[in-house]
Amino acid sequence: MADTDGTTDPMVPRLARIARRRRDGPQVWTLEIEAEDSAGAGFAPGQFNMLTAFGVGEVPISLSGDPAEPDRLVHTIRAVGPVSTALTRLGPGETVGLRGPFGVGWPMAELAGHDVLIVAGGLGLAPLRPVLYRLLAERARYGKVVLLYGTRSPQEILFRRQIESWRRRLDIDIEVTVDHALGDWHGHVGVVTTLIPRASFDPAHTIALVCGPEVMMRFAIAALRDAGLPDTALFLSMERNMKCAVGLCGHCQIGPVFACRDGPVFRFDRLRNVLAVKEI
Amino acid sequence: METSGTVVITLEGLESLIGLLKRRGYRVIGPTVRDQAIIYDEIAALAELPRGWTDEQQGGLYRLVPRDDDAVFGYAVGPHSWKKFLHPPTELLWTAERTEKGLRVTPAPLPDERFAFIGVRGCDLHAIAIQDRVLTHGGKIDPHYRARREALFIVAVNCAVAGATCFCVSMQTGPKATGAYDLALTELGREEDHRFVVEAGSEAGRVVLAELPHRAATEKDIAEAEAVVSATAANMGRSMRSDDLHELLLRNLNHPRWDEVAARCLTCGNCTMVCPTCFCTTVEDATDLAGHRISRSQRWDSCFTMDFSFIHGGSVRASPRSRYRQWMTHKLATWQDQFGTMGCVGCGRCITWCPVGIDITEEVAAIRDSEQH
Ligand SMILES: Cc1cc2nc3c(=O)[nH]c(=O)nc-3n(C[C@H](O)[C@H](O)[C@H](O)COP(=O)(O)OP(=O)(O)OC[C@H]3O[C@@H](n4cnc5c(N)ncnc54)[C@H](O)[C@@H]3O)c2cc1C
Ligand code: SF4
Ligand code: FES
């Protein structure tokens, strides 16, 4: 894996083609891409790729698909700026640049035998969906599986049909909440952290996986600690500006670590001290 | 014929060294005077070295001054560092072409330039070693840097002059050149009996040295050379205790001193540009008007810019305080976690070239002193 022979430049993208494109909410599209040259080498839940919209730029995007299908590279992208917008406008057959997969993902091996509590905010569900695929595919290996998911409005719920079908299973608890809703919403209203005290899991045997905007993660961590989870059972995925994804450009530093190479997923106790400092 | 042991060459010997390296296909880079500073550039002959010049440095101040002798290396470091050549300000990464058949990406060719650096100081030798660790010893490497680095020939110089902003003794990087050099010179005499004591540090260095007119060094030559280095070590302009920096800074991330320094800092990024170890880069894409030809280049970036830490919604380090703190704690503390070395070599460039004269040694001292009460 580690390419130290220097013959391939880690900054040069491979080519990939858009195979499918589906709208997944306001400004959000899920793109399935296929690498031209190679069969998918597989990826670990929580890893990300660097995607290039040629002529515009390159950005980090999580893998949001099923890790059991390594040839289908699925990415769920919100159009927020030039590169993400250009990517979401590409149609089937069009070309993107692909580097990756990069980073350290969720602690899948450690989850076995535990209750798994997933707390996702907004697009933070995308890098957690591969975890859900894996957990549900090997359901017997885990204790309780709970997904707490918050979005701004009902219209912004990602992967809605899939969530509906997962909800019908009896072996996973799914609670969805929205910040604001009109009359036709019958679910929870309020931020996702308010669901934590109400959720049913055994804090002594639970591992929590958290992904969302940084403020939401801070509140979620506080609520999970209040619920009795130790810092060694909390994992979060960090978002930082990334230009190289391989530890060479310096952009993604969080104190002593590089989010691209040592993360993006970190066990909370590794970041506790630095995250206590503003603007680190 | 091979030379073992320490030898002495004259000014003519130094001239032959430059010629020999050129004939061997090296681009010879050395100190030379341009725009009232001593910078590093391609040189063809001894005459282009800053003979008879020295520099006066202080926080926010740099001035060339004539010497009263003919010394060739009688000054400290200037605004350039060798990273300008090994890890250049801009580097093409790849080009792509859109054709009828689709897109084709072509990696930028690896550089085939072979550099010979003349006059690398102890601090800068260590700075090169630090960039080696950052760019070629992690999981992934920068192949452009590595290609240039592997072809490099280094002629080091033991410092005879300590600049007023130098603190290499504190960082244990100088004034004697230690580490991966091919040849190391100590300048002696300067007026009468102007000569250089030369040690080879590699096989390539020994081979080159054998082809230069030289004589064996006497005990007197060696003693004089050692005296030069000790005198420089005794004259450091600055000092900074460095054994406790990691803990000191990481337990003071909320120290009020960061606000004081931020009130002066212009966040211009000069310090990161002149720093010989700062390695951060960003990428830029360019395309022709029709969108048929696309390229991506890497260029130096600075943690002092707002864009550096920008993520959707705003910069992680929006305040100047947090950006100065990032720079200094990275250099002196978290660099050690990341790469197992210090990120500062004590060259003093960041002090000299800061327009408002912010002094890293003074900032550290202020934080350390405040703890003592
Ligand atoms: C590990 C990781 C995984 C991510 N996964 C996803 C995902 O699955 N889906 C998704 O929609 N987004 C994801 N993002 C965020 C995504 O990378 C940004 O939305 C994107 O970079 C915005 O670029 P832009 O040019 O469209 O917008 P602008 O906001 O104009 O960005 C300008 C530049 O700033 C940087 N930048 C801006 N926002 C971010 C950001 N949030 N994170 C990192 N760099 C940023 C980029 O370098 C970008 O080129 C992820 C980010 C990281 C770090
Ligand atoms: S410390 Fe000085 S050189 Fe560095 S950014 Fe601030 S003003 Fe510029
Ligand atoms: S993204 Fe470049 S070092 Fe992490």
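In what follows, chains are A, B, ... by sequence order, proteins preceding strands, each numbered from 1. Heavy-atom basis, side chains included; hydrogens, waters and symmetry copies ignored.
Contacts from residues 95-107 of chain A to chain B, taken as heavy-atom pairs separated by less than 4.5 Å, involve Thr95(A) in sequence order. Within residues 269-280 of chain A, the residues having any heavy atom less than 4.5 Å from a heavy atom of chain B are, in residue-number order, Val277(A), Lys278(A), Glu279(A), Ile280(A).
Note on residues 89-104 of chain B: pairs passing side-chain hydrogen bond (donor to acceptor under 3.5 Å, both in side chains), not counting sequence neighbours, are Glu91(B)-Arg148(B). Applying the side-chain hydrogen bond (donor to acceptor under 3.5 Å, both in side chains) test to residues at least two apart or on different chains, none of the pairs has a partner in residues 306-315 of chain B.
Distance check: Cys249(A) SG to Asp142(B) CG gives 11.5 Å after rounding to the nearest 0.5 Å. Once rounded to the nearest 0.5 Å, the distance linking CG of Asp285(B) with CZ of Phe54(A) reads 9.0 Å. Interatomic distance, Gln253(A) CD to Phe308(B) CZ, rounded to the nearest 0.5 Å: 6.0 Å. A distance of 10.5 Å separates CG of Leu93(B) from SG of Cys244(A), quoted to the nearest 0.5 Å.
If you measure heavy-atom distances from His330(B) to chain A, the contacts under 4.5 Å come from the side chain alone. For chain A, the nearby parts of Ser319(B) are the backbone and the side chain; heavy atoms of each come within less than 4.5 Å. For Ala333(B), no part lies near chain A; criterion is any non-hydrogen pair under 4.5 Å. Heavy-atom distances place the side chain of Leu15(A), and not its backbone, under 4.5 Å from chain B. Proximity to chain A is absent for every atom of Tyr145(B), based on heavy atoms less than 4.5 angstrom apart. Of the atoms belonging to Arg296(B), it is side-chain heavy atoms, and not backbone ones, that fall under 4.5 Å from chain A. Only the backbone of Val134(B) comes within less than 4.5 Å of a heavy atom in chain A; its side chain stays farther off. Contact annotation for Pro213(A): neither backbone nor side-chain heavy atoms come within less than 4.5 Å of a heavy atom of chain B. Only the side chain of Thr287(B) has a heavy atom closer than 4.5 Å to any heavy atom of chain A. Using a 4.5 Å cut-off between heavy atoms, Arg325(B) contacts chain A through its side chain alone, with no backbone atom that close.
Heavy-atom contacts from other residues, nucleotides or ligands closer than 6.0 Å to OH of Tyr26(B) number more than 12. Counting non-hydrogen atoms of neighbouring residues, nucleotides and ligands closer than 6.0 angstrom, the CG atom of Asp112(B) reaches no more than 12 such neighbours.
The shortest heavy-atom contact between Lys140(B) and Pro10(A) is CD-CB, 4.0 Å.
For Asn241(A) (side chain) and Phe310(B) (main-chain N/O), a donor-acceptor pair under 3.5 Å exists by modelled atom type. Under the 3.5 Å distance criterion, the side-chain polar atoms of His251(A) are left unmatched by any main-chain donor or acceptor of Cys303(B).
Looking only at side-chain heavy atoms (C-beta outward), Val12(A) and Val105(B) come within less than 4.5 Å of each other.
Considering only heavy-atom pairs separated by less than 4.5 Å from chain A, the leading option among Leu253(B), Thr329(B), Ile294(B), Val283(B) is Ile294(B). The candidate from Met242(A), Glu214(A), Arg261(A), Lys243(A) with the greatest count of non-hydrogen atom pairs under 4.5 Å with chain B is Lys243(A).
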